[in-house]
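Below is one structure, written out as structure tokens; comments come after it.
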Amino acid sequence: MFVRTAARDGIRGSTAARGLRATAVAMLAAAALASCTQDTPQDAASPRPSAPAAPVDNADQAEQAASEASEATEEPALPAEPAPEAVRDAFATLQATLNDTCTPGAGDCAYFLGRVTRELTELDEAMRADPKGPGHFKQPLADMKALFAKLGTDRSTPHLEKHFTAIVGTRDGINTWMQDHPDDYR
């Protein structure tokens with residue numbers, strides 16, 4: 001009541017009124033918090049007609065969620081490594097480059113040669129991981145191994161342009177091999 005009277009008297013903006021309001025709000029919050037947390041076993045057994053059920057339900061839900069969260073953090077999950085693509089999918093992305101080309105030295109080869117090299121690398125991984133085993137893909141794996149030995153770790157555009165014929169030849173040779181093995185890509 002005093003807060004309302006003081007506000008009506010025009011001291012709404014004064015420091016004393018703000019302090020009084022802040023104190024009143026803090027006391028109300030503390031009283032509400034105390035009434036929720038100081039239940040005795042006897043209080044818990046008897047229903048309280050004036051207490052709303054929602055805060056108790058929310059408290060139970062919060063406790064359950066916290067329990068589930070702690071259970072989930074007890075066993076750290078290892079990040080799953082992505083599985084290699086299926087040979088069919090990896091070959092399809094390589095095959096999409098068949099009509100593409102570039103002119104070494106003309107400045108248009110960076111994307112093309114980088115993509116073909118990446119597609120060959122992914123096809124190599126897929127063939128090695130395939131249930132048929134690497135023995136089934138003996139020829140294309142040997143061709144890619146020879147190409148990757150020539151390329152080494154340098155994937156710069158000038159280096160890839162230097163090996164343009166080997167990269168495109170490997171791509172085309174694998175395409176021909178795969179056409180003779182339709183069960184691997186259909």
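Atom set for the values below is all heavy atoms of this structure, side chains included, hydrogens, waters and symmetry mates excluded. Residue numbers run from 1 in the order of the sequence given.
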Checklist entry - Do Asp124 and Phe148 touch side chain to side chain, with heavy atoms closer than 4.5 Å? => result yes
Item to check | Met144 side, atom CE; Phe137 side, atom CZ - distance, nearest 0.5 Å | outcome: 9.0 Å
Checklist entry - Shortest non-hydrogen contact from Trp177 to His136? => result CZ2-O, 3.4 Å
Next on the checklist: Is any side-chain heavy atom of Phe164 closer than 4.5 Å to one of Cys102?
Outcome noted: yes
Next on the checklist: Can you give me the closest heavy-atom contact between Leu160 and Ile167, atom names plus distance?
Outcome noted: O-CD1, 3.7 Å
Next on the checklist: If you define the side chain from C-beta out and look only at heavy atoms, does anything of Leu94 sit under 4.5 Å from Leu120?
Outcome noted: yes
Checklist entry - Can Met178 and Val87 be said to form a side chain to side chain contact (heavy atoms under 4.5 Å, CB included), step by step? => result CA-CA 10 Å; Met178 290 293 285; Val87 170; 3.8 Å; yes
Item to check | Euclidean distance, Met127 CE relative to Gln139 CD, rounded to 0.5 Å | outcome: 10.5 Å
Next on the checklist: If I compare all heavy atoms of Lys150 with all of Ala166, which pair ends up nearest, and what's the gap?
Outcome noted: NZ-CB, 4.0 Å
Item to check | N/O donor-acceptor pair under 3.5 Å between Arg171 side chain and Thr97 backbone | outcome: yes
Checklist entry - Say you draw a straight line from CG of Asn175 to OG1 of Thr170; how long is it, rounded to the nearest 0.5 Å? => result 12.5 Å
Checklist outcome for this item: Here the pair of heavy atoms bringing His159 nearest to Leu151 is NE2-O, 2.9 Å
Checklist entry - Residues in side chain to side chain donor-acceptor pair (under 3.5 Å) with Thr153, at least two apart? => result none
Next on the checklist: On a heavy-atom basis, which atom in Phe112 and which in Val168 lie closest, and how many Å separate them?
Outcome noted: CE2-CG2, 4.0 Å
Checklist entry - Would you say Leu123 and Glu119 make side-chain contact, with heavy atoms under 4.5 Å? => result no
Checklist entry - If you look at every heavy atom in Cys109 and Glu161, which pair is closest and at what distance? => result CB-OE2, 3.3 Å
Checklist entry - Out of curiosity, Thr165 OG1 to Asp172 CG, how far, rounded to the nearest 0.5 Å? => result 11.0 Å
Next on the checklist: For Gly114, is there any backbone N or O sitting under 3.5 Å from a side-chain donor or acceptor partner on Thr117?
Outcome noted: no
Next on the checklist: Quick check on Lys132: does its NZ atom have over 12 non-hydrogen neighbours (other residues, nucleotides or ligands) under 6.0 Å away?
Outcome noted: yes
